[in-house]
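All heavy atoms count here, side chains included; hydrogens, waters and symmetry mates do not. In what follows, every chain begins at residue 1, and chains take the letters A, B, ... in the order their sequences are listed.
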Amino acid sequence: MIDIKLAVSDPDRLKKALESRGLQTAIVDEMATLDQKRKKLVQESDELKRLRNEQSKQVGLLKSKGEDASELMAKTKQMGERIAAIDQELDQIKSELDSIALTVPNIPEEDVPYGKSDAENIHVKTVGQPRVFEFEPKGHWDLGDTLDVLDNTRAAKLSGARFNVFKGKLAALQRALISYMIDMHTKEHGFKEIFAPVLVLDKTCLGTGQLPKFAQDMYKIEGEDMYLISTNEITLVNMHQGEILKASDLPIRYTGFALCFRKEAGAAGRDTRGLIRVHQFEKVEMVTFCKPEESSKELQHLIDSAGAVLEGLGLPYRLSLMCTGDMSGFSAAKSYDLEVWMPSYNAYVEVSSCSNCTDFQARRAQIRFKEGQGEGTKFVHTLNGSGLAIGRTMAAIMENYQEKDGRIRVPDALRNYLGFEFIDGSNK
RNA sequence: GGAGAGGUGGCUGAGCGGUUGAAAGCGCCUGACUCGAAAUCAGGUAAGUGGGCAAUCCCUGCUUCGGGGGUUCGAAUCCCCCCCUCUCCGCCA
């Protein structure tokens, strides 16, 4: 959540920010008006409460002396009724204000390029060279089908479209990738491994910004206020929901594997084949909590950590800074995408998005820190990045490491995890 | 799923209708003592949100004792609903 005070103190900045993300700005003035109204009512209510408290004490005092207090009691009761009326109005304004504020995305950082579409993203660097094939490379769905390691037909039988069944050595590759990534992040990048539930309460999704605005992307459990997570950023960030952290414990870095579920509503007809766009996918996520002044540095650390996985696997990729209009993360103030080279697309495909959410999620989820005795509490900055999306990484390995005979060579880094050199139709 | 017990400040734990934002102990911070430390002594030590002020100093109002609602002039304390934890039983991978 953005700081509502901004709507009053610096409405132009907020309007500009919303505009840059392609949104309407009228709500800024609306918020300012409501907030002013709220403030006035709070003052009125507080003053009446002060009087009531005072008079109630008087009643107690009179009674303890055995004197008559009935007149004062009647007066105070009336006051209570007025307070109740004001507080009711106040509650209504607060919920109005909240329902607006919760749908406002984060404000882009100063150095995020202004732009309307992905065409205006800045390509920061490319790492590695796309392989030149001496034969026509196949798509990973074809490779998987031929080797009988990726079974789309059986998956459809079980769960419908956009699901997959991994078989044999491809299933093993998935396990290896999870271990490889998490081991790297814990041993080399300073993250602590976390395994958390994939089924969470609705208020948890509110904290990271998936709800209320993106309910249509998430699977809800019928009859309960629970959702299947769309990313494990939700669980990792909300681990500290409502907490006041010690400054000396920061930065806190978490990594973890989880299944993620997305409806992919509105993506009908796009990327229908293979592992690129599915309803259930596996992801290793990274999340960082830090002091505000450290978040730029920590964002770079996320990018480097995600990049290290791609480099370790020998996959060529591109790093891009998202422009204001293409920043997909509702909670993000600045985002970089890492895109892996996908021969079948003849293009780079996103495998990781690393974002600095500044204090946006922290404000929603009430995650704060305290510098020391007597110092006030401040909101932490939260950051998240995939490290990486497993399915898309598998697709990239299959395509980039395919041999002319259709087998897939295993990247050197995974040999120790797998114990075989090629993914083929065999089981061992 | 059934039965019982319980949820109070960083922690342990009192309070069970009025001056208690909350005893006591522990922890932590500051000061005194000390060459320094320990021990001892004195003081301080929750969060949120308003107002005053040039002020991140300070003064001050309101709210918060798992969450929500109710009773009352007044609720941590009484009543109702919900959530969570623990113990026992049942079920189960």
Side-chain angles (χ1 to χ4, degrees), chain A residues 1-9 31-98 101-102 195-207 221 223-227 235 238-250 252 259 289 291-293 359-380:
Chain A
M1 182 154 64
I2 53 143
D3 189 351
I4 291 174
K5 282 181 191 145
L6 264 182
V8 180
S9 66
M31 279 197 290
T33 309
L34 282 169
D35 192 55
Q36 304 282 37
K37 228 194 263 183
R38 181 192 63 82
K39 209 179 250 184
K40 218 179 121 224
L41 287 171
V42 165
Q43 282 174 21
E44 209 175 317
S45 168
D46 279 1
E47 174 61 14
L48 283 170
K49 282 173 184 164
R50 205 201 91 235
L51 283 169
R52 180 179 64 179
N53 289 345
E54 217 169 71
Q55 291 184 4
S56 287
K57 269 181 195 173
Q58 287 285 324
V59 170
L61 226 57
L62 285 174
K63 283 197 162 180
S64 69
K65 283 192 243 166
E67 289 174 29
D68 176 45
S70 54
E71 198 184 320
L72 195 55
M73 278 164 67
K75 229 173 103 188
T76 312
K77 186 172 189 170
Q78 273 188 352
M79 199 171 276
E81 281 156 13
R82 274 174 61 201
I83 291 171
I86 293 172
D87 281 355
Q88 206 181 340
E89 196 181 340
L90 201 51
D91 279 349
Q92 206 196 316
I93 287 179
K94 271 189 205 157
S95 67
E96 247 175 89
L97 201 50
D98 270 356
L102 285 173
F195 182 79
V198 295
L199 204 52
V200 298
L201 298 169
D202 53 359
K203 69 165 188 198
T204 307
C205 305
L206 211 66
I221 304 301
E224 299 192 43
D225 286 330
M226 298 197 90
Y227 289 82
T235 44
N238 282 294
M239 290 265 294
H240 292 297
Q241 185 239 103
E243 294 182 19
I244 297 174
L245 306 166
K246 270 192 272 180
S248 56
D249 289 340
L250 300 175
I252 294 171
L259 287 168
F289 304 82
K291 294 190 210 173
E293 62 269 25
D359 61 0
F360 186 88
Q361 294 179 324
R363 186 172 286 110
R364 287 184 164 228
Q366 291 292 304
I367 306 169
R368 292 163 292 177
F369 74 101
K370 201 172 184 175
E371 200 75 59
Q373 199 94 29
E375 307 247 357
T377 55
K378 291 183 211 146
F379 289 112
V380 298

Rounded to the Å, how far apart are A:Q366 CD and B:G48 P?
-> 9 Å
Given atom NZ of A:K246 and atom C1' of B:C28, what is their separation to the nearest angstrom?
->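 Those two atoms, NZ and C1', are 10 Å apart.
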Please list, chain by chain and in numerical order, all residues satisfying side-chain hydrogen bond (donor to acceptor under 3.5 Å, both in side chains) with [X], sequence neighbours excluded.
| X | value |
| --- | --- |
| A:R38 | A:D35 |
| A:K378 | none |
| A:R82 | none |
| A:T76 | A:Q55 |

In chain order, what residues pass the side chain to side chain contact (heavy atoms under 4.5 Å, CB included) check against [X], with sequence neighbours excluded?
| X | result |
| --- | --- |
| A:S9 | A:L6 |
| A:K40 | none |
| A:Q366 | A:R368, A:F379 |

Under 3.5 Å between N/O atoms: give me all the protein pairs with nucleotides 53-61 of chain B, atom names plus distance.
residue, atom, partner, partner atom, Å
B:G61, N2, A:D46, OD2, 2.6

Applying side chain to side chain donor-acceptor pair (under 3.5 Å), which residue pairs with at least one partner in residues 58-68 of chain A are found, sequence neighbours left out?
-> A:D68-A:S70
Short side-chain N/O contact from A:R368 to OP1 or OP2 of B:G48, under 4.0 Å |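 Affirmative; the distance criterion is met.
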Intra- and inter-strand pairing of RNA chain B, written as dot-bracket with Watson-Crick and G-U pairs under 3.5 Å and | for the latter, reads ((((((((.[[[..)..(.....]]]((((((.......))))))(((((((.....))))))).[[[[[..)....]]]]])))))))....
Pairs under 3.5 angstrom, nitrogen or oxygen only, protein versus nucleotides 16-23 of chain B, please.
residue, atom, partner, partner atom, Å
B:G18, N2, A:S56, O, 2.7

Positions of residues 74-82 of chain A (non-hydrogen atom under 4.0 Å from RNA chain B), listed by number = A:T76, A:K77
